[in-house]
Amino acid sequence: MENFKNYLEISAEVQQALDAGQPVVALESTIISHGMPYPQNVETALNVEKIVRQNGAIPATVAIIGGKLKVGLSKQEITHLGKKGLDVIKASRRDMPILATKGEDGATTVAATMIIAAFAGISIFSTGGIGGVHRGAETTMDISADLEELAMTPVMVVCAGAKSILDLGLTLEYLETKGVAVLGYQTKELPAFYTRESGYYVDYRMDSPAEIASAFKTKQDLGLKGGMLVTNPIPQQYAMEHDYITAKIEEAVKEANQLGIKGKETTPFLLDKIKQITSGTSLEANIQLVYNNAALAAQIAVQLSQMQH
Ligand code: PSU
Ligand code: MN
């Protein structure tokens, strides 16, 4: 037991914050290497860290670097992941032991970031969008490992909902089966990443970071395994026009099906395609919602740390 510590490398700043019981927010790195182009990816990742700090918490960007499960990256490490882009292996739960053994780099997905955050003792994690049940999953069985992780690993994930590249209805059904509560921050409607609306509803509307932190604290007290999902709508001024983005997503999904894109390639393919066919306008929305989530996650982490000490 505890052998995972041989693979874990926590930055001095993050370790000090954890030791002192200060709020810490984990951040993922697939979004850096696979989710956005260089140099916007590096710029965004660094700004996200700044926003977490401005809201009273310490940022801990997570990645696998040279086989080490790193918590808290330097600016050089973030730049390295951003420049290397798609050449960094997209690392989910199944990839972690292989990359750690071979001493390779990995950009951690929501699932892998949750695992590493939990190893470090971090319970709040902010990102853009999570993986979910893909459209057509009833035949392809393409269901993101992110959902299984939410079912078993005790980390709260703050996101802007999920893109409608997924089947949002099936994603909610899956989370329900797995016992994962989906909370809406100041909304009853599930946000769909680029838009504040989706036509689906969250399980519970919560109106303050304190309310969200309390719910999570109670889950911890009860010893119930797994995380919680907080969905935070993109700010109105950055939201995209619903019919426009829906049509573009349909186009991307159709092309992925025609090309027979499968497995871990599916999500990055769709993200990239959408970016191309919206000629970059979706990138600005993406960046803004990531900032918005980082601020909320930090505020929740601050509340949670006050409740724990
Ligand atoms: N959805 C997004 N942006 C992303 C991802 C998903 O809108 O960057 C990334 C996240 O890292 C997520 C991963 O954990 O893709 C899910 O991949 P898959 O569907 O292959 O599990
Ligand atoms: Mn998949």
Side-chain angles (χ1 to χ4, degrees), residues 26-37 40-41 44-45 48 61-64 81-82 85-86 88-96 106-117 125-151 153 155 157-168 170-171 174-175 190-195 198 227 229 231-232 234 240 245 248-249 252-253 256-257 260-275 278 282-290 292-294:
L27 302 160
E28 62 147 313
S29 47
T30 294
I31 193 173
I32 304 175
S33 298
H34 294 248
M36 288 181 195
Q40 287 96 335
N41 54 4
T44 303
V48 165
T61 303
V62 170
I64 303 174
L81 292 173
L86 299 181
V88 185
I89 293 171
K90 175 180 159 192
S92 196
R93 169 181 273 269
R94 65 138 186 234
D95 308 283
M96 290 172 52
T108 50
T109 62
V110 168
T113 305
M114 286 177 74
I115 297 170
I116 297 171
F125 163 20
S126 180
T127 185
I130 60 157
V133 180
H134 279 264
R135 299 195 202 176
E138 55 284 20
T139 51
T140 64
M141 295 185 73
D142 189 351
I143 299 172
S144 175
D146 292 353
L147 300 186
E148 294 297 325
E149 213 55 56
L150 280 162
T153 300
V155 173
V157 178
V158 179
C159 68
K163 286 196 178 75
S164 54
I165 57 172
L166 303 173
D167 186 318
L168 298 181
L170 291 186
T171 300
Y174 201 87
L175 289 168
L190 177 75
F193 201 83
Y194 298 119
T195 57
S198 66
L229 189 64
T231 62
N232 185 27
I234 183 172
M240 294 186 77
I245 191 68
K248 297 301 173 189
I249 287 173
V253 170
N257 287 338
I261 307 288
K262 282 203 268 300
K264 70 190 283 190
E265 305 310 328
T266 305
T267 298
F269 176 88
L270 291 170
L271 300 182
D272 186 55
K273 206 74 222 165
I274 292 164
K275 215 157 44 204
T278 60
S282 63
L283 182 59
E284 183 56 22
N286 195 343
I287 291 171
Q288 293 299 333
L289 66 84
V290 167
N292 190 46
N293 295 343

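Model, not experiment: these values are computed from the prediction. Atoms within each ligand, like the ligands themselves, are counted from 1 in listed order.
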Novice: Distance under 4.0 Å to a non-hydrogen atom of Lys90: what atoms of ligand 1 satisfy this?
Specialist: 17 (O), 18 (P), 20 (O)
Novice: Ignoring hydrogens and angles, tell me if any N or O in the side chain of Ser164 forms a donor-acceptor pair with the backbone of Leu166 under 3.5 Å.
Specialist: no
Novice: Taking Ile274 as the fixed residue, which of Asn286, Leu283, Ile249 is the one that meets the side chain to side chain contact (heavy atoms under 4.5 Å, CB included) rule?
Specialist: Ile249
Novice: Find all atoms of ligand 1 within a distance of less than 4.0 Å from any non-hydrogen atom belonging to Phe193, and give their numbers and elements.
Specialist: 7 (O)
Novice: Any side-chain heavy atom of Val62 within less than 4.5 Å of one from Phe125?
Specialist: no
Novice: Check whether any side-chain heavy atom of Ser33 sits under 4.5 Å from a side-chain heavy atom of Lys90, and report yes or no.
Specialist: no
Novice: Are side-chain heavy atoms of Glu284 and Met240 found at a separation under 4.5 Å?
Specialist: no
Novice: Which atoms of ligand 1 have any heavy atom of Glu28 under 4.0 Å away?
Specialist: 10 (C), 11 (O)
Novice: Please determine whether side chain to side chain contact (heavy atoms under 4.5 Å, CB included) holds for the pair Ser126 and Glu28, giving the CA-CA distance in whole Å, both sets of side-chain angles, and the decisive distance to 0.1 Å.
Specialist: CA-CA 8 Å; Ser126 180; Glu28 62 147 313; over 6 Å; no
Novice: What's the shortest distance from atom 1 (N) of ligand 1 to any protein heavy atom, and which residue and atom give it?
Specialist: Gly129 O, 3.6 Å
Novice: Going by heavy atoms in the side chains, are Asn292 and Ile234 under 4.5 Å from each other?
Specialist: no
Novice: Run the numbers for me: atoms of ligand 1, each under 4.0 Å from some heavy atom of Thr267, listed by number.
Specialist: 6 (C), 15 (O), 17 (O), 18 (P), 19 (O), 20 (O)
Novice: Does His34 come within less than 4.0 Å of ligand 1, judged by its heavy atoms?
Specialist: no
Novice: Around the Mn ion (ligand 2), how many protein N/O/S atoms fall inside 2.8 Å?
Specialist: 1
Novice: Once you restrict to heavy atoms under 4.0 Å, what part of Thr109 touches ligand 1? Side chain, backbone, both or neither.
Specialist: both
Novice: Please report which non-hydrogen protein atom sits nearest to atom 9 (C) of ligand 1, along with the residue it belongs to and the distance in Å to one decimal place.
Specialist: Thr30 CG2, 4.0 Å
Novice: Which part of Asp146 is near ligand 1, with near meaning a heavy atom under 4.0 Å away: side chain, backbone, both or neither?
Specialist: side chain
Novice: Could you establish whether Met36 and ligand 1 come within less than 4.0 Å of each other, counting only heavy atoms on the residue side?
Specialist: no
Novice: Give yes or no for whether the N/O distance cutoff of 3.5 Å, strictly under, is met between Ala111 and ligand 1.
Specialist: no
Novice: Less than 4.5 Å apart, any side-chain heavy atom of His134 and any of Val253?
Specialist: no
Novice: Out of all atoms in ligand 1, which are within 4.0 Å of some heavy atom of Ser144? Include the element for each.
Specialist: 18 (P), 19 (O), 21 (O)
Novice: Any side-chain heavy atom of Ile130 within less than 4.5 Å of one from Lys163?
Specialist: no
Novice: Please state which part of Leu271 comes within less than 4.0 Å of ligand 1, counting heavy atoms only: side chain, backbone, both or neither.
Specialist: side chain
Novice: Going by the order shown, which atoms of ligand 1 are within less than 4.0 Å of some heavy atom of His134?
Specialist: 19 (O)
Novice: So, do Met36 and Thr44 sit near enough that their side-chain heavy atoms are less than 4.5 Å apart?
Specialist: yes
Novice: With distance as the sole criterion, is a donor-acceptor pair present between the side chains of Thr108 and Ser29 under 3.5 Å?
Specialist: yes
Novice: For the pair Asn293 (side chain) and Thr127 (backbone), establish whether a donor and an acceptor sit closer than 3.5 Å, ignoring hydrogens and angles.
Specialist: yes
Novice: Looking at Lys163, which atoms of ligand 1 are within less than 4.0 Å of one of its heavy atoms?
Specialist: 2 (C), 3 (N), 7 (O)
Novice: How far apart are the closest heavy atoms of Asp146 and Ala111, and which atoms are they?
Specialist: OD1-N, 3.0 Å
